[in-house]
Amino acid sequence: MQFLLPLLLMLAIFFLRQYLAKRQQNPFNNTRKHWPLQIREKILNPEEMDFFNALKKDLGTAFLIMPKIHLQSLVYAENSSSVQQFKAAMAGKYVDFAICLSADARLLCVIEFDDHIDDGRTAEEISDIEKFFDQAGIILLHYQAQFAYTKKDFAPIHQLYQQPQSK
């Protein structure tokens with residue numbers, strides 16, 4: 001019985017140290033560090049915003065337009081040895097816009113928007129992204145920045161919507 005109190009005290013100290021060590025490893029819990037973060041005024045540049053507004057006007061409420069979607073949000077991989085490779089390859093990569101059906105948020109297609117602003121991606125990285133969508137069975141549309149957009153520009157999206165949807 002006389003060993004019980006010191007043993008409980010040692011266990012409490014051990015678990016407290018473990019808790020504090022884990023808390024310090026999480027950068028958001030570490031109050032000693034100041035992260036120089038600021039809210040972006042806008043997440044879309046002017047060309048992307050013009051395109052977004054034109055899409056929104058043309059597509060109406062039947063579609064959801066989601067900008068800057070990470071690739072890992074669009075697909076998942078079954079547990080296998082290549083899952084970690086996949087996650088590493090796709091980390092930080094995104095698509096400019098994802099178009100979903102409003103009724104059930106089902107993905108219809110994704111859009112790569114070329115606004116002639118260098119986003120740092122090489123031709124090889126762009127090719128990898130195109131292969132990614134092809135393998136995943138996701139329709140990838142390409143659009144370029146232009147002065148104005150017409151219904152004809154967005155016809156491919158409407159055509160996808162009118163095709164029978166598989167579940």
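Residues: numbered from 1 along the sequence shown. A quick note: this is a predicted structure, and the numbers were derived from the prediction, not measured.
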Is a side-chain donor-acceptor pair under 3.5 Å present for D50 with Q146?
->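 No donor-acceptor contact under 3.5 Å links the two side chains.
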Report, as yes or no, whether the 6.0 Å neighbourhood of atom NZ on K93 holds more than 12 heavy atoms from other residues, nucleotides or ligands.
-> yes
Would you call [X] and [Y] a side-chain contact if the rule is heavy atoms closer than 4.5 Å?
X    : Y    : answer
V75  : I138 : yes
F63  : C109 : no
E112 : E130 : no

When rounded to the nearest 0.5 angstrom, what distance separates [atom1] in [X] from [atom2] in [Y]?
X    : Y    : atom1 : atom2 : answer
D114 : E47  : CG    : CD    : 10.5 Å
H158 : L59  : NE2   : CG    : 5.0 Å
D134 : I139 : CG    : CD1   : 11.0 Å
D96  : L44  : CG    : CG    : 9.0 Å
L141 : D153 : CG    : CG    : 12.0 Å
C100 : I69  : SG    : CD1   : 7.5 Å

State yes or no: are the ring centers of F52 and F113 separated by less than 6.0 Å?
-> no
Report the C-alpha separation of L71 and F133 in whole Å, then their side-chain angles, then the decisive distance to 0.1 Å, and conclude whether the side chain to side chain contact (heavy atoms under 4.5 Å, CB included) test is met.
-> CA-CA 9 Å; L71 299 184; F133 288 120; 3.4 Å; yes
Kindly determine whether L55 and I99 satisfy side chain to side chain contact (heavy atoms under 4.5 Å, CB included), including the steps that lead there.
-> CA-CA 10 Å; L55 261 176; I99 308 297; 4.2 Å; yes
Please answer whether the main-chain N or O of F132 pairs with a side-chain N or O of Q135 as donor and acceptor at a distance below 3.5 Å.
-> no
Parallel under 30°, tilted from 30 to 60°, perpendicular over 60°: which one fits the rings of F97 and F51?
->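 Because their plane-to-plane angle lies in the 30° to 60° range, the rings of F97 and F51 count as tilted.
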